[in-house]
Amino acid sequence: MPLHLPHGFDGRQPPTPSHLKQSLSVADILPTAEQALKVTTMADVRKAIDTLDREIVTLLGTRLRFIEAAARIKEDRAKVRDEWRKKDVLDKAVKRAGEVGMDENILKGVYEALVEGCIEYEGVRWDEYRKPHQKVPEVVLDE
């Protein structure tokens, strides 16, 4: 299953400015559902899944930066868990799963775990942001 990558870019390192100038979108780099129908070897399947997993982890990392921002911005600890927003996120994800032909029950389970994990993480970060700063002990080196 050939992936069409910019010249000299294998996806293992961040793209350089010259790679970015080639104006490729994520769709040009990532394996597609159509390609999944055409693969014939497990090596190709694994390579595609590894590529997708790298992108998923990158996106989740970015999502967590916004969870941290929410923890920083919210003034009330009780607002960390927002059941209306949780339902809204899950509903949107399930709708999108249906649009792309994914089993909605699988997606709902995955997203339920994701959102609950993010709520827990946001609570931890909320507490950390408001913890009184402790003085860092001075380190004295023996001379």
- Message: Between Val124 and Phe66, is there shared hydrophobic-cluster membership here, with clusters defined by ILVMFWY side-chain heavy atoms closer than 4.5 Å?
- Response: no

- Which atom names give the shortest non-hydrogen contact between Cys118 and Ile67, and what distance separates them? O-CG2, 3.6 Å

- Query: Do Glu116 side-chain atoms and Ala113 backbone N/O form a donor-acceptor pair below 3.5 Å?
  - Reply: no

- Does one hydrophobic cluster hold both Leu90 and Val100, with members joined at side-chain heavy-atom distances below 4.5 Å? yes

- Under 3.5 Å, side chain of Trp126 to main-chain N/O of Lys74, donor-acceptor pair present? yes

- Short N-O contact, Lys131 and Glu128, less than 4.0 angstrom: no

- Query: Is there a donor-acceptor pair under 3.5 Å between the side chain of Arg130 and the backbone N or O of Arg125?
  - Reply: no

- Atom CD of Glu122 and atom CG of Asp127: how far apart are they, to the nearest 0.5 Å? 10.5 Å

- What is the minimum heavy-atom distance between Lys87 and Asp91, and which atoms define it? NZ-OD2, 2.6 Å

- Query: Can you name the side-chain contact (heavy atoms from CB on, under 4.5 Å) partners of Asp88, sequence neighbours left out?
  - Reply: Trp84, Arg85, Lys92

- How far apart are the closest heavy atoms of Gly123 and Val80, and which atoms are they? N-CG1, 3.6 Å

- Does a side-chain N-to-carboxylate-O contact under 4.0 Å join Arg81 and Glu120? no

Donor-acceptor pairs under 3.5 Å, side chain of residues 102-111 to any protein atom, not counting sequence neighbours: which ones?
from: Asp103; atom 1: OD1; to: Asn105; atom 2: N; distance (Å): 2.8
from: Asp103; atom 1: OD1; to: Ile106; atom 2: N; distance (Å): 3.0

- Message: Would you say Ile119 ends up clustered with Leu64 if hydrophobic residues are merged whenever their side chains have heavy atoms under 4.5 Å apart, either directly or through other cluster members?
- Response: no

- Message: Contact between Glu99 and Arg96 at the side-chain level, heavy atoms closer than 4.5 Å - yes or no?
- Response: yes

- Message: Does atom OH (Tyr129) have a neighbourhood of more than 12 heavy atoms from anything else shown, all under 6.0 Å?
- Response: yes

- Minimum heavy-atom separation for Leu30 to Glu55, with atom names? CD1-CG, 3.8 Å

